[in-house]
Amino acid sequence: MKRILILIFPVSIMFFSCGGGNPPQNADTSGQVKMFKLMTLDPGHFHAALVQKSMYSQLSGDVYVFAPEGSDLQQHLDRIRSYNSRTDSPTSWNEIVYTGNDYFEKMLAEKPGNVVVLSGNNRKKADYIVRSVDAGLNVLADKPMIINAVDFPRLEEAFNTASRKGVLLYDIMTERYEITTILQKALSQNEEIFGRLQSGSIEEPGVEKVSVHHFAKFVSGKSLVRPAWFFDTEQQGEGIVDVTTHLVDLIQWECFPDSLLSKRDIEIGTAKRWETKLTKDQFREVTGLVDYPEFLRKDIRNGDLAVFSNGEFEYRIKGVWAKVSVEWKFKAPDGGGDTHYSIMRGSECNLVIRQTADEKFRPELYVEKVKGSDIVEFTMKLKKALASLPYDSLTVEKVSSDIIRIGIPEKYRVSHEDHFAQVTAKFLKYLNEGKLPEWEVQEMITKYYTTTSALKKAMEK
């Protein structure tokens with residue numbers, strides 16, 4: 001049965017309107033700032049709400065939500081409600097919700113907005129992307145856009161369709177906005193400091209990135225309730241094609257900035273996958289469910305749930321060996337959270353990001369194994385290089401005879417949740433310009449070719 005749901009908190013009542021709406025193409029307005037309207041499609045992951053944690057001058061406050069009824073939708077609306085009602089800088093979103101079984105067809109037929117936000121069940125995402133772009137709609141999609149090699153040709157064609165129709169297809173890469181990563185990239189481009197990126201080997205790659213995530217966590221100040229499908233890799237995707245999307249993106253973005261990458265630049269070396277096991281009590285804690293649903297029965301081992309959420313692979317990109325690894329644990333240690341490790345090996349030094357208990361679980365950037373230069377002389381060069389960057393008050397601290405820590409002021413420490421506003425602002429900038437840079441498009445195509453090829457390789461074992 002088709003239903004209309006009206007969210008009233010604390011905004012005015014809005015009824016779902018039929019027909020008309022904004023034109024799907026990004027119309028030329030002679031240099032003026034363009035206005036856009038969001039349509040959130042089947043939100044099942046908390047990232048969909050984080051896009052709306054802030055308001056944007058280019059976005060209408062009216063957001064049309066098309067989704068099936070259920071807890072995924074309700075949790076999404078509750079998060080938006082919490083942003084609207086918070087004391088500090090409350091938002092004023094007006095969610096206009098359609099919950100009929102034909103929610104996707106309804107969105108494509110009505111088009112009350114012109115930007116589709118996707119963050120939910122990843123098994124559906126390829127179809128959502130392809131059909132939305134075919135309908136002439138812009139798409140802002142959470143990672144991963146696809147979770148297997150079978151869907152890669154469809155995604156590649158979706159980018160071609162988007163170009164023909166004059167709409168934008170873009171994924172949410174929040175990690176580009178982490179200050180330690182920004183500084184790591186900037187210093188790696190300074191030959192006097194970093195030298196040249198080493199091509200490395202499969203045993204010691206030129207660049208490595210490792211991410212550790214946790215099933216139990218807090219989001220917007222509350223314990224996160226995950227949907228049961230999140231633990232089904234046929235719906236969520238395996239770790240090797242999920243979180244590694246960020247890691248592969250950063251390798252491309254840092255090591256080959258503005259380059260027109262392609263599938264031909266990628267060679268997968270080795271790849272592996274392994275399980276994280278959750279007890280029934282742990283599963284209950286993060287989902288609120290007393291038992292496993294039927295679709296997870298295939299993954300039960302002696303009463304525990306086995307999730308192939310972990311993956312690792314080595315590959316060559318434009319001749320440089322790279323390694324990415326993701327591991328999921330149940331819960332972080334006290335005071336901790338998801339962590340990131342990264343090393344770029346240069347001919348003059350290594351640039352290393354660590355986020356361990358020693359750093360109080362906050363990412364810090366180190367310059368390590370300084371070569372061929374007196375440490376005092378090198379420190380002076382480093383200070384000069386930092387002073388040339390558009391970030392004031394950066395400092396250097398000698399940790400040992402060949403390790404220097406970069407001191408980063410608090411004003412540049414932006415939370416993971418707030419990175420979503422930065423990504424959205426960048427997407428709106430591209431929308432206003434009416435196109436994505438060619439390197440962005442090629443970077444996405446190459447990235448998903450890499451992750452899905454790595455999964456295919458790991459599955460062969």
Side-chain angles (χ1 to χ4, degrees), residues 1-9 11 13-22 24 37-49 51-52 62-81 93-142 144-148 150-151 154-155 158 169 225-237 287-289 291-297:
M1 181 177 68
K2 300 179 182 180
R3 296 185 56 191
I4 296 172
L5 175 63
I6 306 161
L7 176 62
I8 317 170
F9 193 101
V11 295
I13 299 175
M14 293 289 291
F15 290 91
F16 186 88
S17 60
C18 296
N22 293 340
K37 188 173 291 186
L38 298 182
M39 297 184 296
T40 305
L41 177 60
D42 194 9
H45 194 285
F46 65 91
H47 287 175
V51 170
Q52 294 177 241
D62 293 340
V63 178
Y64 291 80
V65 183
F66 296 84
E69 288 189 85
S71 58
D72 285 359
L73 172 62
Q74 192 56 54
Q75 288 183 50
H76 174 76
L77 298 178
D78 288 346
R79 291 187 185 104
I80 303 300
R81 181 182 294 112
W93 299 108
N94 189 32
E95 306 291 295
I96 306 159
V97 185
Y98 179 82
T99 59
N101 292 332
D102 62 340
Y103 64 91
F104 190 25
E105 287 71 21
K106 187 77 168 179
M107 186 199 78
L108 297 178
E110 303 294 347
K111 299 180 186 175
N114 50 11
V115 176
V116 179
V117 175
L118 292 176
S119 182
N121 190 310
N122 294 320
R123 182 166 60 187
K124 304 176 184 178
K125 202 173 284 180
D127 193 51
Y128 284 164
I129 288 172
V130 169
R131 294 182 62 191
S132 294
V133 170
D134 283 345
L137 295 166
N138 303 289
V139 176
L140 178 62
D142 190 26
M145 284 183 166
I146 55 172
I147 58 175
N148 55 62
V150 173
D151 281 329
R154 298 184 70 202
L155 179 64
L169 172 57
V225 178
R226 293 191 186 273
W229 59 258
F230 183 85
F231 300 91
D232 181 9
T233 55
E234 293 180 3
Q235 299 184 67
Q236 170 63 20
T287 65
L289 301 177
D291 201 1
Y292 302 118
E294 188 61 35
F295 61 77
L296 286 177
R297 296 290 173 186

Handout entry: Charged N-O contact under 4.0 Å between Lys124 and Asp127
Key = no
Exercise for the section: For Trp229 and Asn121, indicate whether the former's side chain and the latter's backbone hold a donor-acceptor pair under 3.5 Å. Expected result: no
Problem - Gap between atom CD of Gln235 and atom CG of Leu296 - 0.5 Å precision - result: 8.0 Å
Exercise for the section: For the pair Asn122 (side chain) and Gln236 (backbone), establish whether a donor and an acceptor sit closer than 3.5 Å, ignoring hydrogens and angles. Expected result: yes
Exercise for the section: May I ask you to say whether Lys125 pairs ionically with Asp42, meaning some side-chain N is under 4.0 Å from a carboxylate O? Expected result: no
Practice task
Return yes if a side-chain donor-acceptor contact under 3.5 Å exists between Asp78 and Gln74, otherwise no.
Solution key: yes
Fill in the blank from the handout: By ring-ring contact (aromatic ring centres under 6.0 Å, His included), His45 pairs with (sequence neighbours left out) His47
Problem - Candidate pair Met145 and Leu169, rule side-chain contact (heavy atoms from CB on, under 4.5 Å), full reasoning - result: CA-CA 10 Å; Met145 284 183 166; Leu169 172 57; 3.6 Å; yes
Problem - Residues which pass ring-ring contact (aromatic ring centres under 6.0 Å, His included) with Tyr103, listed by chain and number, not counting sequence neighbours - result: none
Fill in the blank from the handout: CZ of Phe46 to CG of Asp142, rounded to nearest 0.5 Å, is 8.5 Å
Practice task
Please confirm whether the backbone N or O of Lys37 pairs with a side-chain atom of Asn114, one donor and one acceptor, at under 3.5 Å?
Solution key: yes
Practice task
Output the distance between atom CD1 (Ile146) and atom CD1 (Ile129), rounded to the nearest 0.5 Å.
Solution key: 8.0 Å
Problem - Distance, nearest 0.5 Å, that separates OG1 of Thr287 from CZ of Arg226 - result: 11.0 Å
Practice task
Kindly determine whether Met107 and Arg131 satisfy side-chain contact (heavy atoms from CB on, under 4.5 Å), including the steps that lead there.
Solution key: CA-CA 11 Å; Met107 186 199 78; Arg131 294 182 62 191; over 6 Å; no
